[in-house]
Number of protein chains: 2
Amino acid sequence: MLKQERHQIILDKLKISKKVLSGKLSEELLVSEDTIRRDLKELESKDLIYKVHGGALIKDNRVLSYDERSVADINEKKEIAEKAVKLIKDGQVIIMSGSSTNLELAKIIPPEINATVYTYSIPIAAQLSHHPSIEVIFMGGKLNKAAQVTVGIDLVNFIYNISADICFIGTEGIDISRGLTEPDWEVSHIKKSMIHASNYVAVMCISDRIMSVKRHSVVPIQKIDAIISDIDPSDPIFNDFRDFDLTII
Amino acid sequence: MLKQERHQIILDKLKISKKVLSGKLSEELLVSEDTIRRDLKELESKDLIYKVHGGALIKDNRVLSYDERSVADINEKKEIAEKAVKLIKDGQVIIMSGSSTNLELAKIIPPEINATVYTYSIPIAAQLSHHPSIEVIFMGGKLNKAAQVTVGIDLVNFIYNISADICFIGTEGIDISRGLTEPDWEVSHIKKSMIHASNYVAVMCISDRIMSVKRHSVVPIQKIDAIISDIDPSDPIFNDFRDFDLTII
DNA sequence: CACAATCACGCAAAAAAGTGCAAAATTTTT
DNA sequence: AAAAATTTTGCACTTTTTTGCGTGATTGTG
């Protein structure tokens with residue numbers, strides 16, 4: 001096992017359980033406690049952990065650490081992203097909402113795709129900046145620190161004045177009668193503006209949230225062109241949706 | 001077996017298992033470990049892998065893989081930041097340019113400071129999102145992937161319509177006759193707008209760049225209220241600056 | 001204060017990496 | 001096709017890194 005592997009494992013463990021014990025790590029990684037201590041020492045010198053007697057604690061003010069706080073349902077989100085990426089065509093103008101599913105999507109856009117992406121999410125912009133041929137337009141506003149996205153009237157105005165081929169929207173709730181719904185009032189307006197600006201509206205929804213309703217309406221179901229989920233499109237949960245002119249993926 | 005074949009195999013292996021060991025590769029590819037080491041060295045120089053003692057790891061496109069060690073003159077910049085942070089007062093509205101010095105500054109703003117920061121740099125916004133009481137306004141535009149900042153006319157317009165107590169500007173060149181200068185034309189306009197929007201203009205300049213001139217003028221020396229550098233304010237290099245009404249820190 | 005757990009330090013063995021050089025393989029030129 | 005130039009490779013050698021262990025110091029707990 002390489003030293004750097006151990007370091008990564010230690011950091012991952014810290015992310016999950018906030019603390020690690022030298023003795024336990026030594027057993028789990030099959031190295032002596034001295035080695036673990038040296039690992040912790042090195043990680044501390046890099047300011048990545050907070051070393052204490054007996055082990056180490058997570059260092060919260062890690063520089064630039066939007067790590068997948070939203071690792072919830074990460075596999076489902078990856079599956080959705082796999083399906084969604086097939087909708088992206090060369091030369092398109094794309095709007096991506098700030099959802100973690102969209103972050104997964106951003107990670108897997110093939111390098112040969114040449115497109116313009118509008119986003120208001122810092123992690124998505126950062127991810128796309130690794131892509132060789134995507135032009136990224138970051139839409140500014142007041143920063144929501146928790147979600148690492150911008151919000152506010154300036155953002156909504158900006159989006160109302162652009163136009164795009166397709167938008168990908170991460171979804172909190174979708175059902176037949178209320179359509180797309182959102183727990184956050186401000187975000188509901190942002191999503192509404194994205195849909196207004198786009199020719200084709202793709203919503204990405206993990207199966208748990210299908211047929212769930214949140215507080216604020218975004219748009220009725222008729223405005224949506226495609227629902228992308230992690231389950232089979234023929235699943236009976238979609239039956240009511242088939243009356244509408246939308247694609248289930 | 002050709003060198004490039006091996007390289008491709010190594011990269012493929014990394015994609016699958018995230019790590020390779022020199023010894024194992026040597027066995028599998030039937031070449032000496034020296035050759036493998038040379039391969040890894042070359043791949044690392046192309047920035048394709050992350051070489052470590054014993055083998056190599058996949059180069060993870062970490063979100064914001066902003067490597068502190070790769071910043072030039074990092075210690076000088078930290079010193080400048082230490083001086084600059086003293087100018088920040090509670091309740092201020094601050095504009096920060098996208099320089100790495102400003103990133104260092106963002107790291108050390110005391111938690112008790114309550115302020116609003118306008119920025120167009122992704123790393124700075126991400127850094128400030130850890131601060132408990134700073135409101136961050138991210139100013140959007142086209143993303144410059146290398147510098148991780150936004151640029152463009154929308155950004156400049158936005159800045160012209162705000163007003164701030166103080167702006168901190170990282171400096172490429174400053175001298176008496178030309179004032180503040182910039183190699184990049186677009187950035188020169190961004191900086192000009194920042195200065196226009198601010199009551200107090202602080203430029204942060206590592207000593208090497210004092211009295212150096214770049215292509216595009218930003219503002220004459222009279223518009224600047226403070227120069228913050230990594231050297232002593234009494235240093236003779238500043239002598240010519242003392243004729244002007246500005247503070248040398 | 002006692003007692004166990006944890007840590008720091010030096011040491012030595014093992015593994016891996018860098019270095020210089022000559023042989024082998026490959027590419028380019030004649 | 002042969003010769004020359006260049007690149008690639010393996011080997012012997014030294015240096016560096018990593019690791020585990022012993023010893024004594026330090027820390028936390030009752």
Side-chain angles (χ1 to χ4, degrees), chain A residues 1-65 67, chain B residues 1-62 65-75 78:
Chain A
M1 158 120 32
L2 297 170
K3 187 176 64 142
Q4 284 76 359
E5 276 185 278
R6 284 198 312 272
H7 288 190
Q8 195 52 58
I9 291 170
I10 292 170
L11 291 176
D12 287 344
K13 276 187 180 297
L14 275 176
K15 249 186 242 170
I16 295 163
S17 60
K18 315 294 183 199
K19 73 162 182 184
V20 289
L21 306 174
S22 313
K24 215 169 183 181
L25 281 174
S26 159
E27 286 178 34
E28 288 177 11
L29 303 180
L30 304 170
V31 290
S32 74
E33 292 199 28
D34 295 74
T35 302
I36 296 295
R37 263 191 284 279
R38 274 184 281 245
D39 287 340
L40 298 181
K41 203 171 185 177
E42 192 175 337
L43 288 170
E44 182 178 48
S45 76
K46 287 183 184 165
D47 228 41
L48 295 170
I49 65 171
Y50 175 41
K51 192 164 162 292
V52 295
H53 194 95
L57 301 174
I58 192 166
K59 181 122 183 180
D60 229 357
N61 60 346
R62 265 175 320 180
V63 182
L64 310 173
S65 72
D67 34 54
Chain B
M1 156 123 26
L2 295 173
K3 188 172 65 137
Q4 281 76 4
E5 278 184 89
R6 284 198 313 275
H7 287 192
Q8 196 50 58
I9 290 171
I10 292 170
L11 291 176
D12 289 344
K13 275 186 181 298
L14 272 177
K15 250 183 230 165
I16 295 163
S17 60
K18 315 294 183 200
K19 74 156 182 182
V20 290
L21 305 175
S22 314
K24 217 168 184 181
L25 279 175
S26 157
E27 285 178 32
E28 289 177 12
L29 303 180
L30 304 170
V31 290
S32 73
E33 292 199 28
D34 295 73
T35 302
I36 296 295
R37 264 193 284 278
R38 274 184 281 244
D39 287 340
L40 297 181
K41 202 171 185 177
E42 190 175 337
L43 288 169
E44 181 177 51
S45 75
K46 288 181 184 165
D47 227 41
L48 295 171
I49 66 171
Y50 172 41
K51 191 164 163 294
V52 299
H53 193 96
L57 301 171
I58 193 165
K59 183 112 185 177
D60 51 346
N61 287 8
R62 270 173 311 174
S65 64
Y66 169 90
D67 190 348
E68 186 161 309
R69 283 153 296 187
S70 69
V71 174
D73 305 315
I74 186 69
N75 288 326
K78 279 183 201 287

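Just the heavy atoms: all of them, side chains too, but no hydrogens, waters or symmetry mates, feed the values below. Residue numbering restarts at 1 for every chain, and letters A, B, ... go by the order of the sequence lines.
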Q.
What residues from residues 28-39 of chain B pass a heavy-atom cutoff of under 4.0 Å to DNA chain C?
A.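 Here the set is D34(B), R37(B).
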Q. Where along residues 3-11 of chain B does a heavy atom fall under 4.0 Å from DNA chain C?
A.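 The stretch gives none, as no residue of it lies under 4.0 Å from the strand.
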Rounded at 0.5 Å granularity, tell me how far [atom1] in [X] sits from [atom2] in [Y].
{"X": "K41(A)", "Y": "I49(A)", "atom1": "NZ", "atom2": "CD1", "result": "12.0 Å"}
{"X": "K18(B)", "Y": "E5(A)", "atom1": "NZ", "atom2": "CD", "result": "12.0 Å"}
{"X": "L43(A)", "Y": "I36(A)", "atom1": "CG", "atom2": "CD1", "result": "10.0 Å"}
{"X": "Q4(A)", "Y": "H53(B)", "atom1": "CD", "atom2": "NE2", "result": "9.5 Å"}

Q. Among I9(B), V20(B), I10(B), whose side-chain contact (heavy atoms from CB on, under 4.5 Å) with D39(B) holds?
A.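 So, applying the side-chain contact (heavy atoms from CB on, under 4.5 Å) to D39(B) and each of I9(B), V20(B), I10(B), only I10(B) qualifies.
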**Q.** side-chain contact (heavy atoms from CB on, under 4.5 Å) partner of R6(A), chosen from L11(A), L25(A), L29(A)
**A.**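 Running side-chain contact (heavy atoms from CB on, under 4.5 Å) over L11(A), L25(A), L29(A) with R6(A) returns exactly one hit, L29(A).
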Grab the two heavy atoms, one from [X] and one from [Y], that are nearest each other, plus how far apart they are.
{"X": "E44(B)", "Y": "Y50(B)", "answer": "OE2-C, 4.4 Å"}
{"X": "M1(A)", "Y": "K19(B)", "answer": "CA-NZ, 4.4 Å"}
{"X": "L14(B)", "Y": "L57(B)", "answer": "CD2-C, 3.7 Å"}
{"X": "L40(A)", "Y": "S22(A)", "answer": "CD1-OG, 3.9 Å"}

Q | chain B footprint on DNA chain C, 5' to 3' - any atom under 4.0 Å from a heavy atom | A |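 The contacted stretch runs from dA16(C) to dT19(C).
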Q.
Judged by each residue's nearest nucleotide on DNA chain C, which is more toward the 5′ side, L2(B) or G23(A)?
A.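 Closest to the 5' end, via its nearest nucleotide, is G23(A).
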Q. So which pairs with a foot in residues 25-35 of chain B pass side-chain hydrogen bond (donor to acceptor under 3.5 Å, both in side chains), sequence neighbours left out?
A.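 Every pair satisfying side-chain hydrogen bond (donor to acceptor under 3.5 Å, both in side chains) with a residue in residues 25-35 of chain B: K13(B)-E28(B), S32(B)-T35(B).
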(Q) Counting primed atoms plus P, OP1 and OP2 as sugar-phosphate and everything else as base, spell out the protein contacts along nucleotides 25-30 of chain D at 4.0 Å heavy-atom distance: B, S or - for each nucleotide, 5' to 3'. (A) --S---
Q: Verify the neighbour count for atom NZ of K24(B): are there more than 12 heavy atoms of other residues, nucleotides or ligands below 6.0 Å?
A: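 Not more than 12 within 6.0 Å, no.
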Q.
Please report the end-to-end axis angle for the helix from dC1(C)-dG30(D) to dT30(C)-dA1(D), five pairs per end, rounded to 10 degrees.
A.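 End axes: 50° apart.
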